[in-house]
Amino acid sequence: MTRRGFPASEDGRLGAAERAAYARDGYLLLEGFVSSAECVRLMARAAEIVAAFTPDEATVFSTTDHRHAAERYFLESGDKVRCFLEEEAVDGEGRLVLDKRRAVNKIGHALHDLDSVFSSFSRAPRLAALAESLGYSEPLLLQSMYIFKQPGIGGEVSCHQDASFLYSEPLSVTGLWFALEEASLENGCLEVLPGGHLAGLGRRFRRGPDGRFDFEAVGQAPSDEDPSASTALLPLEVPRGSLVVLNGLLPHRSRANRSLRSRQAYTLHLLEAAAHYPSDNWLQREGRLPLRGFR
Ligand code: FE2
């Protein structure tokens with residue numbers, strides 16, 4: 001199987017061929033969506049955020065509270081701009097073993113609302129037009145992540161469906177994945193299961209009655225241990241500036257980056273405003289920073 005890409009349109013709208021491919025495959029590769037200059041601008045802004053980050057707050061390993069603190073640091077990041085560290089960048093005592101510029105795994109999860117550079121990128125009229133082409137009537141910008149996939153230590157992301165984490169009734173999440181650098185198998189590109197969105201949702205990550213988060217099976221979960229899924233996974237080796245649109249039900253993963261090159265990407269997730277967004281999803285805005293659309 002080979003990857004099929006389309007050239008990005010000027011105004012962001014999708015033609016009939018693109019919409020048909022997306023409906024069939026559950027993903028859509030649009031090459032040349034972001035200019036190189038804009039990729040460089042976003043990368044520079046992410047570097048500034050990391051420069052201003054004090055690693056201590058996320059890396060206090062010295063107490064037994066660590067797990068709890070790390071969980072809270074993550075669970076409370078839905079309306080914040082926070083840096084998360086690569087596992088391999090921290091030793092057993094919680095100390096950074098690398099320069100922080102090489103240690104941050106990602107920045108999440110409200111860059112699109114709180115950072116002017118990422119907000120203007122995320123609210124470009126072309127993206128609003130794209131969302132309309134995807135069938136949204138009133139899209140909300142739910143979550144953003146800046147992913148570094150650091151050289152040598154960029155961690156793997158196992159096979160999952162985004163709708164497990166960003167669940168709504170009806171399901172309405174779509175991921176927009178922007179390659180700010182070239183992505184290849186060597187540096188941990190996206191791998192997708194074409195057509196896998198048609199099998200429905202496998203599991204939900206939700207808060208239980210005890211307040212703890214866990215997965216709840218609701219169907220057949222995608223897994224990279226499943227040999228049939230593994231061999232069917234299609235690597236999306238893409239040039240800088242590509243946009244990959246991911247149906248929230250599409251199983252995808254990325255392997256660890258053991259190469260000398262980073263694989264930086266920005267992701268944005270959309271939600272339909274009319275869909276019910278449950279209070280037991282991990283990402284909550286709690287009224288302090290209401291979700292907004294493209295305006
Ligand atoms: Fe994902």
Side-chain angles (χ1 to χ4, degrees), residues 3 22 25-30 74-75 77-78 82 84 86-87 104-112 118 122 127 130-131 134 139-150 154-168 171-181 183 185 187-206 213 215 218-226 229-230 232-238 242-257 263-271 277 281-283:
R3 77 177 161 83
Y22 183 63
D25 299 334
Y27 78 92
L28 183 64
L29 167 58
L30 299 171
F74 172 78
L75 292 171
S77 66
R82 285 186 167 172
F84 298 86
E86 289 288 355
E87 260 177 46
V104 175
N105 165 287
K106 69 177 172 187
I107 308 172
H109 288 89
L111 281 161
H112 61 290
F118 284 99
S122 305
L127 289 182
L130 172 68
L134 291 169
L140 295 174
L141 278 54
L142 175 60
Q143 167 189 274
S144 50
M145 290 188 281
Y146 189 97
I147 299 161
F148 289 88
K149 209 73 167 180
Q150 299 280 5
E156 75 165 311
V157 176
S158 60
C159 198
H160 67 280
Q161 297 167 296
D162 291 342
S164 294
F165 302 93
L166 304 171
Y167 178 79
S168 69
L171 294 169
S172 71
V173 68
T174 301
L176 305 180
W177 189 97
F178 302 92
L180 305 181
E181 294 183 296
L185 264 177
N187 67 357
C189 65
L190 274 179
E191 295 176 49
V192 299
L193 184 63
H197 61 306
L198 301 171
L201 185 65
R203 55 188 193 163
R204 254 196 83 188
F205 184 68
R206 68 190 297 192
F213 281 84
F215 287 100
V218 292
Q220 191 66 42
S223 155
D224 22 25
E225 261 103 76
D226 175 358
S230 258
L233 282 167
L234 174 69
L236 295 182
E237 297 195 288
V238 301
S242 302
L243 163 59
V244 181
V245 183
L246 294 163
N247 183 300
L249 287 172
L250 189 78
H252 60 284
R253 73 166 179 197
S254 65
R255 296 185 221 213
N257 180 8
R263 192 231 65 193
Q264 300 191 26
Y266 176 63
T267 71
L268 187 64
H269 284 86
L270 307 179
L271 180 78
Y277 186 81
N281 276 353
W282 82 267
L283 191 157

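The basis for the numbers below is simple: all heavy atoms, side chains too, and nothing from hydrogens, waters or symmetry mates. Ligands are counted one by one from 1 in listed order, and the atoms in each one are counted from 1 as well.
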In the structure I gave you, are the side-chain heavy atoms of [X] and [Y] within less than 4.5 Å of one another anywhere?
X	Y	answer
His160	Arg253	no
Leu201	Gln161	yes
His109	Leu142	no

Quiz item: How close do Leu246 and Trp177 get, heavy atom to heavy atom, and via which atoms?
Solution: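 Distance-wise, the nearest heavy atoms are CD1-CB, 4.5 Å.
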
Exercise. Please identify each residue that fulfils side-chain contact (heavy atoms from CB on, under 4.5 Å) with His197, with sequence neighbours left out.
Key: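 Checked His197 against side-chain contact (heavy atoms from CB on, under 4.5 Å); matches are Asn247, Leu249, Leu250.
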
Exercise. Measure from the side-chain N and O atoms of Lys106 to the backbone N and O of Phe148, and report whether any donor-acceptor pair falls under 3.5 Å.
Key: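 Checked: no pair found.
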
Quiz item: Mind counting the protein N, O or S atoms sitting less than 2.8 Å from the Fe ion (ligand 1)?
Solution: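 Near the Fe ion (ligand 1), the number of protein N, O or S atoms below 2.8 Å is 3.
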
